[in-house]
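Proteins come first, then strands; the chains are lettered A, B, ... in the order of their sequence lines, and each starts at number 1.
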Amino acid sequence: MKPTIPKGTRDFLPIEVTKRNYIFDTIKTVFETFGFQPIETPSFENSSTLMGKYGDEGDRLIFKILNSGDYLKKVDDKLLMDKNSVRISPKISEKALRYDLTVPFARYVVQHQNDIVFPFKRYQMQPVWRADRPQKGRFREFYQCDADVVGSKSLWQEVEFVQLYDEVFTKLGLTETIIKLNNRKILSGIAEIIGAKDKLIDFTVALDKLDKIGIEGVTNEMLGKGISQGAIEKVKPLFNFTGDNLEKLEQLKELLSASEEGTQGVEDLEFIIENIEKLGLSSARLEIDVTLARGLNYYTGAIFEVQTDKVAIGSIGGGGRYDDLTGIFGLKNISGIGISFGLDRIYMVLEELNLFKRVVLPKPTLVFINFGEKEAEYCMQTIKKLREMGIKSELYPDNVKLKKQMNYANRREIPFVVLVGEQEMQENNYTLKNMHTGEQTLCNLDDLIRLIKS
RNA sequence: GUGGUUGUAGCUCAGUUGGUUAGAGCGCUAGAUUGUGGUUCUAGAGGUCGCCGGUUCGAAACCGGUCUUCCACCCCA
């Protein structure tokens, strides 16, 4: 039988895991510098926790877990005969793999509200699963690294998250990232002044495609969704929305002056832009983008998305403010804001740009050649001492041909090999071979340590 | 969910309009070299040509189905 893994999943080689850990560690360090604490949640949740939170499209992409036991017995015959998957699946599946980290976090906050100190700042780095069709930068199992704050409406949080993005990508050596910023209130305001408030979702989805399908395409899609020609005329300025952030803010102010909510959104943006301007960013660029809509329905304020134009890949991070996420689980008036890093896409970007130069695969500094039982025992005594000093070392486990043992050291790029045969044992010394230069030295233990440390 | 693409040795890939026993490079094993790796040379092992069915005297090649790979759309990180 030929071994395979499921569609959209991957195995990782040691070097790949090492590189991934480097990204994890970098993000984790920055999260903790900003005052976030780690939590974890189970890989699967009750279906009722997840279903209906991501829209119809999202529900379709959630991996459902079959109930245990004779699960078909409980389903009534009529339902079975109908063969309607959507109606049968809740009967035979009560658990599902998590689709993101935000909704499980909302559940977590509500469930542990008495143990949590608010405002609660948490970070979480775990895999999520989506039953998507895999393609470039898109997998069915991938890692998200999230940081969220719940219990604070302060716009300083938005400011801090922009700084956090900047800090992480700067540390990873990925410069000139574009942090796109928008506000759901602005989108609502726009929809309001064109009199298509009920079509907000359709409107934003269409507007989001501006750079892909152009003005004409967006206009056609909006018309197709029942948005009037007159309404589209009113927002035409947005189709040629240029200039720097301050100029954009002025244009928005004017456009949205009739909408209370829209005006509020502009003020929010203004606060973030102004303060980031004052504080400065290391390598990222903050950019207002009114076409930024994001599919997730739960954002209510700021919306973030991070892109790089150095590699053709989707966004490498995203997030935003959600005022009522915990409300679904019964805890009202708790505002949350969070951002997410797409680890797997960041990996692909760093790989493509050759930014893993500093990452080295962990490996022993020296390997002891195995010449037999007696010699192995003698070597293990030395290895024990070396390990106590933090020197990574190992014994080749089997007494096989020297050639094979040397080849092993060579393949693993282990810098030193130690040969201890009968003669060395008697004289209580070691033959140290530098695999790079081929040079060999006969020495005692102290000299050995000194040589490998230099 | 829609459209396209891919599948031949452990890996990367050749394989002529359908024709004897399906090849190469790398890797692996052994030897040249019994206490010395990288280089070189020699030899060897390794294949249900993704799977099922069909066309044909004859299929790795043609046809249908299915699974898989990768890509685009939808949507998303």
Exercise. Taking CZ from A:Phe368 and P from B:U36, how many angstroms apart are they, rounded to a whole number?
Worked result: 20 Å
For this session: Report yes if a donor N or O on one partner sits less than 3.5 Å from an acceptor N or O on the other, where the partners are the side chain of A:Arg345 and the base of B:C76; otherwise report no.
Result: yes
Exercise. Between A:Phe356 and A:Tyr347, what is the ring plane arrangement, given parallel below 30°, perpendicular above 60°, and tilted in between?
Worked result: tilted
For this session: Decide, yes or no, whether a salt bridge links A:Arg285 with A:Glu176 under the criterion of side-chain N to carboxylate O below 4.0 Å.
Result: no
Problem set entry | B:C75 base / A:Arg138 side chain donor-acceptor hit below 3.5 Å | yes
Exercise. From the list B:A32, B:U29, B:C75, which nucleotide is the closest neighbour of the side chain of A:Asp132?
Worked result: B:C75
Exercise. For the pair made of OH in A:Tyr396 and P in B:G35, what is the distance, rounded to whole Å?
Worked result: 16 Å
Problem set entry | Nearest-Å distance for atom pair OH/C1', residues A:Tyr299 and B:C76 | 11 Å
For this session: Confirm from the modelled atom types if A:Gln440 and B:G35 form a donor-acceptor pair under 3.5 Å, side chain to base only.
Result: no
For this session: Take atom P in B:C73 and the same atom in B:U12, then report the distance between them in whole Å.
Result: 27 Å
Seminar exercise, completed: Residue pair A:Asp344/A:Gly8 against RNA chain B: nearer the 5' end by closest nucleotide is A:Gly8
Exercise. Taking OP1 and OP2 of B:G31, is either one under 4.0 Å from a side-chain nitrogen or oxygen of A:Lys401?
Worked result: yes
Exercise. Would you say the ring centroid of A:Phe44 lies under 6.0 angstrom from that of A:Phe63?
Worked result: no
Problem set entry | Minimum-distance nucleotide (side-chain atoms of A:Arg411 versus B:C73, B:G27, B:G35) | B:G27
Exercise. Which part of the nucleic acid does A:Gly55 contact within heavy-atom distance under 4.0 Å: base, sugar-phosphate only, or nothing?
Worked result: nothing
Exercise. Are any of the side-chain nitrogens in A:Lys248 or A:Asp289 under 4.0 Å away from the carboxylate oxygens of its partner?
Worked result: no
Exercise. Has the side chain of A:Asn410 got a donor or acceptor atom sitting under 3.5 Å from an opposite partner on the base of B:G37?
Worked result: yes
For this session: Please report, rounded to the nearest Å, how far the C1' atom of B:C75 is from the CD atom of A:Glu57.
Result: 5 Å
Exercise. A:Gln135 side chain N/O closer than 4.0 Å to the phosphate oxygens (OP1, OP2) of B:A72?
Worked result: yes
Exercise. Looking at the side chain of A:Leu402, which of B:A77, B:U36, B:A32 is the nearest nucleotide?
Worked result: B:U36
Problem set entry | Closest non-hydrogen atom pair, A:Ser335 against A:Asp323 | OG-OD1, 2.6 Å
Exercise. Closest heavy-atom contact between A:Arg10 and A:Glu141?
Worked result: NH2-O, 3.1 Å
Exercise. Taking the side chain of A:Gln144 as heavy atoms from C-beta outward, which of B:U29, B:G35, B:A77 is closest to it?
Worked result: B:A77
For this session: Report the residue (A:Glu422 or A:Arg130) whose heavy-atom-nearest nucleotide on RNA chain B is the more 5′ of the two.
Result: A:Glu422
For this session: Flag as yes if A:Phe142 stacks onto the base of B:A77 (centroids under 5.5 Å, planes under 30°), otherwise no.
Result: yes
Problem set entry | Whole-Å gap separating C1' (B:C11) and CG (A:Leu13) | 12 Å
Problem set entry | Base of B:U68 paired with side chain of A:Lys7 (donor-acceptor, under 3.5 Å) | no
